[in-house]
There are 2 protein chains.
Amino acid sequence: MATLRDVARRAGVSIATVSYVLNGTRPVSPEVEARVWEAVVALGYRPNRLARGLRRKRTHVLGLIVPDSANPFFAEIARGLEDLSFAHDYSLILCNSDGDPAKEQRYLGVLIEQQVDGIALVSASATPAHLALLQERGIPFVVVDRDLPGLEADCVLADNFQGGYLATRHLLDRGHRRIACITGPSDLTPSADRVRGYRKAMEEAGIEPLEVWVRRGDFRAESGYHAACFLLSLPPSVRPTAIFACNDLMAIGTMRAIGEAGLSIPRDIALVGFDDILLASYVIPPLTTVAQPTYEMGRLAGELLLRRIQARDRPPARHLLSVRLVVRHST
Amino acid sequence: MATLRDVARRAGVSIATVSYVLNGTRPVSPEVEARVWEAVVALGYRPNRLARGLRRKRTHVLGLIVPDSANPFFAEIARGLEDLSFAHDYSLILCNSDGDPAKEQRYLGVLIEQQVDGIALVSASATPAHLALLQERGIPFVVVDRDLPGLEADCVLADNFQGGYLATRHLLDRGHRRIACITGPSDLTPSADRVRGYRKAMEEAGIEPLEVWVRRGDFRAESGYHAACFLLSLPPSVRPTAIFACNDLMAIGTMRAIGEAGLSIPRDIALVGFDDILLASYVIPPLTTVAQPTYEMGRLAGELLLRRIQARDRPPARHLLSVRLVVRHST
DNA sequence: CTCACGAGGTTAAACGTTTAACATCATGAA
DNA sequence: TTCATGATGTTAAACGTTTAACCTCGTGAG
């Protein structure tokens with residue numbers, strides 16, 4: 001609770017001098033400097049960042065909005081961003097939108113009021129309309145993971161199309177022809193791009209995927225389970241011999257369904273996931289999956305943010321991070 | 001960027017009046033109130049929380065320090081706390097200590113400077129010394145998951161002792177006598193308490209556990225694998241027929257070791273884990289484990305924090321949340 | 001001996017709120 | 001008629017910093 005004034009009084013100087021010593025913003029004589037430091041440690045002085053932020057119009061705080069920070073994928077992004085923030089002496093405010101645009105909007109408001117220096121967000125809505133709020137106020141932001149069509153802004157994405165393509169190609173190379181795909185909510189670009197990659201690979205192989213092979217999920221394990229149950233119930237002639245699940249959680253749900261059906265992976269059904277979450281290597285059999293540089297995405301988002309805070313009017317940067325197929329034992 | 005002054009000017013009143021309207025802290029005539037609101041929306045006015053915090057000495061921001069927010073256990077706690085914070089219009093600053101007391105200390109400093117209203121932490125160090133910083137400044141805080149001996153403070157813990165006891169009892173009830181235990185780093189109270197529960201149950205059953213049955217791990221899957229390999233290599237007469245792993249990750253490592261040894265779960269060896277992470281229900285066979293109310297712990301931590309912010313000098317509350325045995329097919 | 005200058009200190013005005021204290025005015029009781 | 005009262009507005013002082021502007025010396029050049 002000691003304030004600049006207290007330190008100044010104890011050191012017998014003005015508060016301006018103390019400030020100069022603390023920030024090194026102006027030369028101060030050695031004796032005075034020593035007295036000031038003595039007072040600082042004696043009083044356990046800590047600068048008040050609110051006051052500083054108010055005056056400097058820079059808070060050294062960033063905001064992160066994700067649909068669900070308990071989801072390992074977003075948790076990893078958050079971790080990457082937090083690490084970068086800490087390294088640059090920024091703090092991070094964490095927000096969960098639950099995929100609800102209205103909640104996201106409220107959080108944007110809070111972050112603005114909190115005067116954060118920048119915002120990273122995995123947007124809950126598919127259109128960039130709600131970001132006008134940020135743009136007109138000139139608040140730096142970067143969109144992560146999900147592309148917003150027609151938005152002029154920094155963004156960092158994984159190459160989901162490429163990922164879907166690689167996964168499917170891998171299954172095709174293993175000799176599979178009847179390959180199913182369990183998608184995410186289709187209006188989210190990561191999901192849609194993965195499916196596009198799947199279709200592209202199939203097309204290149206001269207296969208027209210049956211409509212029933214493409215099942216819609218919601219990125220949660222439960223939905224993968226249900227989709228897989230449906231696929232397994234198809235008549236043998238059209239039943240898929242391989243499944244590409246658009247994320248690992250749904251792949252794990254799929255594993256359960258396959259196990260319960262008394263089938264074996266990969267002998268009866270091959271399986272590829274997406275994300276390479278930690279669990280993927282621990283399930284039995286270990287899951288072949290497409291790894292995204294999740295942590296890296298968080299870090300990079302932070303870097304772009306800091307860079308833009310420095311120079312507000314650089315042209316927007318678009319980063320497409322490449323993914324990589326991790327072959328394990330489920331294929 | 002519009003400020004109170006701008007709103008006041010447009011509405012033709014003083015800034016005090018605007019403040020009263022916005023906060024409803026004093027009655028204002030209907031016409032004036034209407035003019036103020038008109039100006040507020042026209043200008044897109046947003047209060048500056050820094051200024052407000054500076055003046056009110058309340059920021060409506062909480063801090064959370066965990067070892068690793070990407071770890072699903074802590075991520076879930078964070079989620080619980082964040083949800084509660086949002087519901088009460090608080091923001092949450094997320095900090096990762098990496099289990100390093102020095103880093104934790106730096107974060108404490110940052111949070112203090114940030115003038116957070118309260119701090120929840122899963123402490124990285126085993127002694128409460130570093131919390132003196134908070135106590136002498138009277139900053140509300142609550143310790144979560146890990147107990148700090150001799151600390152007078154709010155805390156929320158899972159009943160790890162009970163969990164260890166339940167797990168072991170369950171194995172005893174199944175007829176097992178030679179039961180091993182794979183522990184975590186022993187200086188962390190959650191791990192130590194689980195082992196105590198194990199010993200208590202064994203003692204009640206009149207069994208003196210052999211020293212070799214208690215193997216130390218580090219909560220990671222790899223260490224569970226190694227510990228299990230050792231246990232399986234024991235001569236048949238003392239080789240355990242059941243294993244209690246102090247967390248699910250190590251249990252999963254154990255499963256791998258058992259599988260590689262050509263043994264079957266639960267026929268040859270029964271297995272119980274701890275935590276009930278998502279994966280536990282997806283491995284084959286699904287893992288019997290002890291579930292902690294993780295999300296609840298986060299929420300409760302938030303509740304205690306807010307309660308203490310209201311009334312700083314209540315006696316400290318100690319919450320021991322009960323755990324529950326989830327029986328699946330590994331036993 | 002002046003005087004410009006640099007070094008090293010201080011003063012005071014912001015930053016955007018909240019809130020105690022004060023001003024004004026109509027109202028109704030005495 | 002007078003005056004306390006309540007309703008509703010304003011003024012100005014905080015909150016804890018940063019920083020431009022100013023002040024005061026001693027020093028060395030002219």
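In what follows, chains are A, B, ... by sequence order, proteins preceding strands, each numbered from 1.
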As a quick check of understanding, evaluate side chain to side chain donor-acceptor pair (under 3.5 Å) for A:Ser123 and A:Glu104, giving each step before the final call. CA-CA 8 Å; A:Ser123 179; A:Glu104 174 170 306; 3.2 Å; yes
Rounded to whole angstroms, how far apart are CG on A:Leu4 and P on C:dT11? 15 Å
Check this one for me: any side-chain N or O of A:Ser29 less than 4.0 Å away from OP1 or OP2 of C:dG9? yes
Got A:Phe219 and A:Asn71 here, is their nearest side-chain heavy-atom distance under 4.5 Å? no
What is the distance from CZ of B:Arg9 to C1' of D:dG9, rounded to the nearest Å? 19 Å
With a 4.5 Å limit on heavy-atom distance, are the side chains of A:Asp117 and A:Leu305 in contact? no
In whole Å, I'd like the distance from the CG atom of B:Asp6 to the P atom of C:dC15. 11 Å
Salt-bridged, A:Asp6 to A:Arg10, with N to O below 4.0 Å? no
Going by side-chain contact (heavy atoms from CB on, under 4.5 Å), A:Arg146 matches just one of A:Val122, A:Leu157, A:Asn160. Which one? A:Val122
Do any side-chain nitrogens or oxygens of B:Thr3 fall under 4.0 Å of OP1 or OP2 in C:dT17? yes
Return the value, rounded to whole Å, for the distance between atom CD of B:Gln115 and atom C1' of D:dT17. 11 Å
Pick base, sugar-phosphate or nothing for B:Arg58, based on heavy-atom distances below 4.0 Å to the nucleic acid. nothing
Does OP1 or OP2 of C:dT10 have a side-chain N or O of A:Ser14 closer than 4.0 Å? yes
Taking atom types as they are modelled, is there a donor-acceptor pair under 3.5 Å from the base of C:dA7 to the side chain of A:Tyr20? no
Protein-nucleotide distance (A:Arg46, atom CZ; D:dG16, atom P), rounded to Å: 17 Å
Name the nucleic acid region contacted by A:Arg26, choosing base, sugar-phosphate or nothing; use a 4.0 angstrom heavy-atom cut-off, strictly under. base
For residues B:Phe74 and B:Asp145, determine if any side-chain heavy atom of one lies less than 4.5 Å from a side-chain heavy atom of the other. yes
Please report the distance, rounded to the nearest Å, between CZ in A:Arg55 and C1' in C:dT17. 16 Å
Check whether any side-chain nitrogen or oxygen of B:Asn23 sits under 4.0 Å from OP1 or OP2 of C:dT18, and answer yes or no. yes
Rounded to the nearest angstrom, tell me the gap between atom CD in B:Gln114 and atom P in D:dG16. 16 Å
Closer to the 5' end of DNA chain D via nearest nucleotide, is it A:Ser19 or B:Ile15? B:Ile15
Closest to the B:Leu54 side chain: D:dC15, C:dT19, D:dG9? D:dC15
For A:Thr17, report the nucleic acid contact type (base, sugar-phosphate, nothing); a contact means any heavy atom under 4.0 Å. base
What is the separation between atom CZ on B:Arg56 and atom P on D:dG16, rounded to the nearest whole Å? 16 Å
Between D:dT17, C:dT17, D:dT19, which nucleotide gets closest to the side-chain atoms of A:Ala51? D:dT17
So, is A:Lys57 near the phosphate of C:dG16, with a side-chain N or O under 4.0 Å from OP1 or OP2? yes
Looking at B:Arg52 and C:dG16, is any side-chain donor or acceptor paired with a base atom of the opposite kind under 3.5 Å? no
Students often get this wrong, so: under 4.0 angstrom with heavy atoms, is B:Leu50 touching a base, only sugar-phosphate, or nothing? nothing
